[in-house]
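Numbered from 1 within each chain, the chains take letters A, B, ... in sequence-line order. Worth knowing before you read on, the calculation uses all heavy atoms, side chains too, and leaves out hydrogens, waters and symmetry mates.
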Protein chains: 2
Amino acid sequence: MAWDTAKTRQLLLDAAVGEFAEHGPQGARVDRVAAKAGVNKERIYQYFGGKQQLFGAVLTQELEKLAAAVPLDAGLAADPGEYAGRVFDYHSAHPHFVRLLHWEGLQAGDDQVAAEAQRAVHYADKVAALTAAQHAGTLGDEIPPAELLYAVIALAGWWFSTPQLARMIMAGAADDSPRTRREALVRLVRKLTA
Amino acid sequence: MAWDTAKTRQLLLDAAVGEFAEHGPQGARVDRVAAKAGVNKERIYQYFGGKQQLFGAVLTQELEKLAAAVPLDAGLAADPGEYAGRVFDYHSAHPHFVRLLHWEGLQAGDDQVAAEAQRAVHYADKVAALTAAQHAGTLGDEIPPAELLYAVIALAGWWFSTPQLARMIMAGAADDSPRTRREALVRLVRKLTA
DNA sequence: CCAAATTCCAACTCGCTGGTTGGAGTTTGG
DNA sequence: CCAAACTCCAACCAGCGAGTTGGAATTTGG
């Protein structure tokens, strides 16, 4: 039987996504990741170097997935409201993503994070697209593009990053469901770009 | 010399704020809290019951501080933009608050959190104030009040909850400082309530 | 076909950390 | 004034968990 090291690696990575999203870099247990992957934990040290590097690898992978799933210009420039809605949909389907992002933020503070340079380019591209749309006149230009991007990301993500707050704020609302939350988000962003 | 148990308690609580904000409930070290407070760690177990309960006590205390520092109607209803600015200022001066909030959110998930009922009332009051201002016509009424409150909180807090993202998004900006970030925030909220 | 290199695993180490304990000092109530 | 109750502390402990190791199985390259 041939070795399939790529598969073993991927098995670990996929198991680690859930573990890290749920418990964070501190709370995650190396043994649990290995068990869930059905692999010996020593593999983690051979392939990734350690728990922290595995966390970095997980983050990089998930970042790429998001970038692929909600592409740069899928209506972004033309209609940021709908783009925000798509980001919301992605978060709904993959709730671990925002969690990973926040674990990273809480842990790293002002330190550089994994793949920071590449990720910065990614955002710069989006800002450029928004700038172009403003010049073309398909988008209101009252809000500077970087700030607009910031707003979209923050508004789409906050529901998931502090669910307890979202719950309390919406406690009085007539009905509070993912659907109405998405509508609220789109409404907010549309208003910003009116 | 008389015992001053209240002071000892407070010493621990204050030391714990920093420790929990920086490292989270998992990463926080009981010994470090005790050392910083200049108190024996056994006191934590007598006064609070354990690490987790201490975390709850810290959260409750800081929540009250924020509520006191950025009062309900200090210009909120009349000018949500400026209110958002004040929240931003508070976060700048007390960066541990947002961090605590997010650690709570990441840990609790969909479970009830400490003092949830009281906190919900707190937000309901704010929503009511916004509703009144909309009825009075001092505030645009395109955005439902709860959603507006959500937006203010999310936009003011995101800078601090994922500093790595904020850094990357703003990487291309002419200058990126607390001052310009605050201005961006106010601009965004003003646009929402125009 | 054999030897070097690589993958895999069970078992181990060992420092760390939350929590405990026993007792000494201090206050309080009667 | 004395005994019960409470505050405080140094030392202790048990188990958990990241990382290691030694060697067996498997592959590869010559």
Side-chain angles (χ1 to χ4, degrees), chain A residues 1-60 99-100 103-104 106-108 111 113-114, chain B residues 1-61 99-100 103-104 106-108 111 114:
Chain A
M1 183 77 97
W3 297 128
D4 190 346
T5 81
K7 182 179 177 187
T8 303
R9 229 187 102 97
Q10 195 57 47
L11 241 35
L12 280 169
L13 221 36
D14 290 341
V17 170
E19 179 71 11
F20 277 120
E22 185 156 1
H23 305 284
Q26 296 271 2
R29 297 291 162 237
V30 173
D31 302 55
R32 233 166 9 212
V33 172
K36 209 182 304 180
V39 166
N40 191 280
K41 75 169 168 168
E42 174 264 4
R43 290 290 83 204
I44 290 172
Y45 295 91
Q46 286 301 322
Y47 288 150
F48 300 97
K51 194 199 204 186
Q52 205 57 41
Q53 284 96 320
L54 177 59
F55 181 61
V58 163
L59 225 24
T60 309
R99 294 176 61 88
L100 287 170
W103 288 120
E104 182 190 48
L106 287 170
Q107 222 211 0
D111 299 346
V113 294
Chain B
M1 184 77 97
W3 296 129
D4 190 347
T5 80
K7 182 177 175 187
T8 304
R9 230 187 100 96
Q10 193 58 47
L11 242 34
L12 279 169
L13 221 37
D14 291 341
V17 170
E19 179 71 12
F20 278 120
E22 186 156 1
H23 305 284
Q26 295 271 1
R29 296 292 160 238
V30 173
D31 301 57
R32 224 152 34 199
V33 171
K36 209 183 301 178
V39 167
N40 191 279
K41 74 169 171 168
E42 175 263 4
R43 290 290 84 202
I44 290 172
Y45 295 91
Q46 286 302 322
Y47 287 150
F48 300 97
K51 195 199 206 186
Q52 204 59 40
Q53 283 96 321
L54 178 60
F55 181 61
V58 163
L59 223 25
T60 309
Q61 175 185 257
R99 295 175 61 87
L100 287 171
W103 254 307
E104 182 190 49
L106 286 170
Q107 225 209 1
D111 299 346

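Listed by first and then second residue, the salt bridge (charged side-chain N to carboxylate O under 4.0 Å, His left out) pairs involving residues 10-22 of chain B are B:Glu19-B:Arg32, B:Glu19-B:Lys36 (not counting sequence neighbours). Contacts classified as salt bridge (charged side-chain N to carboxylate O under 4.0 Å, His left out) and involving residues 37-60 of chain A (residues at least two apart or in different chains) are given here: A:Asp31-A:Lys41.
For DNA chain D, the neighbouring residues in residues 24-43 of chain B, judged by any heavy atom under 4.0 Å, are B:Asn40, B:Glu42, B:Arg43. Of the residues in residues 4-16 of chain A, those placing a heavy atom less than 4.0 Å from an atom of DNA chain C are A:Thr5, A:Thr8, in numerical order.
Rounding to the nearest 0.5 angstrom, the gap separating the CG atom in A:Leu12 from the CD atom in A:Gln46 is 12.0 Å. Distance check, rounded to the nearest 0.5 Å: CD of B:Gln26 to CD of B:Gln107 gives 6.5 Å.
Partners of A:Asp4 by side chain to side chain contact (heavy atoms under 4.5 Å, CB included), not counting sequence neighbours, listed by chain and number: A:Ala6, A:Lys7. Take B:Leu59 and apply the side chain to side chain contact (heavy atoms under 4.5 Å, CB included) test, not counting sequence neighbours, and it matches B:Phe55, B:Leu100, B:Glu104.
In this structure, A:Phe48 atom CZ and D:dG19 atom P are separated by 14 Å, rounded to whole Å. A straight line from CD of A:Gln46 to C1' of C:dA5 spans 13 Å, rounded to a whole angstrom. When rounded to the nearest whole Å, the span between CD of B:Gln52 and P of C:dT17 equals 17 Å. As a whole-Å value, the separation of A:Ile44 CD1 from D:dG17 C1' is 12 Å. Look at NZ on B:Lys51: it is 16 Å from P on C:dC16, rounded to the nearest Å.
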Please determine whether side-chain contact (heavy atoms from CB on, under 4.5 Å) holds for the pair A:Tyr47 and A:Leu13, giving the CA-CA distance in whole Å, both sets of side-chain angles, and the decisive distance to 0.1 Å. CA-CA 10 Å; A:Tyr47 288 150; A:Leu13 221 36; over 6 Å; no

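Formation of a donor-acceptor pair under 3.5 Å by the A:Trp103 side chain with backbone atoms of A:Ala21 is found in this model.
At C:dT7, none of the side-chain N or O atoms of A:Tyr47 fall inside 4.0 Å of OP1 or OP2 (strictly under the cut-off).
Closest to the side chain of A:Tyr45, out of C:dT20, C:dC8, D:dT20, is D:dT20.
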